[in-house]
Amino acid sequence: MKTETQTNPALIQLCKIIEDMTIGMITSVDASGALVSRPMAPLEMDSNGTIWLFTDISSGKVGHLNPANLSFTNESR
């Protein structure tokens, strides 16, 4: 994932932790109120700390991304 320079110490640390991760799990709430998780590839962490993901604008998941949780795991760390 491409990462922009961060100025906030917490975001600098987060950037170091996730910069090598290629897949994240995004969890959101569907129309019935159920939690739904799906793998997505993060593209960039911009200078504001926003993590950008790519999906088709017409995808049904777009309407369920607020609120959402993005998690990462790395077994080697």
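Everything numeric in this text was worked out from a predicted model, so none of it was measured.
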Does [X] reach the side chain of [Y], with side-chain heavy atoms less than 4.5 Å apart?
X	Y	value
Ile51	Leu70	yes
Pro42	Phe72	yes
Leu14	Asn8	no
Met25	Met40	no
Asn48	Glu4	no
Leu35	Val29	yes
Arg38	Ile26	yes

If you look at every heavy atom in Leu11 and Gly49, which pair is closest and at what distance?
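Taking Leu11 first and Gly49 second, the nearest heavy atoms are CD1-CA, 3.9 Å.
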Which atom names give the shortest non-hydrogen contact between Ala68 and Ser28, and what distance separates them?
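For Ala68 versus Ser28, the nearest heavy atoms are CB-CB, 4.4 Å.
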In terms of hydrophobic clusters joined by side-chain contacts under 4.5 Å, are Met45 and Met21 together?
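Yes, Met45 and Met21 fall within the same hydrophobic cluster.
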Are Ile18 and Ile12 co-members of a hydrophobic cluster defined by side-chain heavy atoms under 4.5 Å apart?
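No, because Ile12 and Ile18 fall into different hydrophobic clusters, even though each may have its own neighbours under 4.5 Å.
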